[in-house]
Amino acid sequence: EMTALGLANTFGDSALLSLSIALHQPAESIALLVAFLKSGMPKPDIVKYLSIFSCMGPVGVAIGMAVNSFATPIVDATMLAVVAGAFVYVGAT
């Protein structure tokens, strides 16, 4: 998700992706928290894993921006295909 934001070329694409991520991310975080709580995981471990999860968003954006800036168009297109495939896979499961 966040890699796609880093790969966006126009303001419109960035705005649309930001909106969809902003609407989706809280639900995803709460679902992950509930899964951790139901598993009986100790609270310090939950905090650690949710912190790592939260840090992965900016890392994904940075990877997308680096690919968009420095890579060839075929690498950019491949990254977009991988991100789109991940969206479809997550949406279908």
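For Asp76, the side-chain hydrogen bond (donor to acceptor under 3.5 Å, both in side chains) criterion is met by no residue, not counting sequence neighbours. Applying the side-chain hydrogen bond (donor to acceptor under 3.5 Å, both in side chains) test to Glu28 and every residue at least two apart in sequence or in another chain returns His24.
Using a 4.5 Å heavy-atom cutoff, the side chains of Met79 and Asn68 are not in contact.
Environment of CD1 in Ile74: sparse, with no more than 12 heavy atoms of neighbouring residues, nucleotides or ligands closer than 6.0 Å.
Each of Leu37 and Val47 belongs to its own hydrophobic cluster when Ile, Leu, Val, Met, Phe, Trp and Tyr are linked at side-chain heavy-atom distances under 4.5 angstrom. Placement of Val61 and Leu80 in two distinct hydrophobic clusters is found when ILVMFWY residues are connected by side-chain heavy-atom separations under 4.5 Å, directly or transitively. Phe53 and Leu33 fall within a single hydrophobic cluster, where Ile, Leu, Val, Met, Phe, Trp and Tyr side chains are chained together by heavy-atom contacts under 4.5 Å. Residues Val82 and Val67 fall into different hydrophobic clusters, defined by Ile, Leu, Val, Met, Phe, Trp and Tyr side chains chained together at heavy-atom separations under 4.5 Å. Under a hydrophobic-cluster definition in which Ile, Leu, Val, Met, Phe, Trp and Tyr are linked whenever side-chain heavy atoms come within less than 4.5 Å, directly or via other members, Ile21 and Leu19 are assigned to different clusters.
Between the CE atom in Met41 and the NZ atom in Lys48 there is a gap of 8.5 Å [rounded to 0.5 Å]. Taken from CE in Met56 to CD1 in Ile63, the straight-line distance is 8.5 Å, to the nearest 0.5 Å. Rounding to the nearest 0.5 Å places CG of Leu7 at 9.5 Å from OG of Ser69.
When all heavy atoms of Val83 and Ala4 are compared, the closest pair comes out as CG1-CB, 3.4 Å. Residue Ser20 comes nearest to Leu17 through the heavy atom pair OG-O, 2.9 Å, listed as atom of the first residue, atom of the second, then distance. Contact between Leu5 and Ser14 at its shortest, heavy atoms only, is CD1-O, 3.6 Å.
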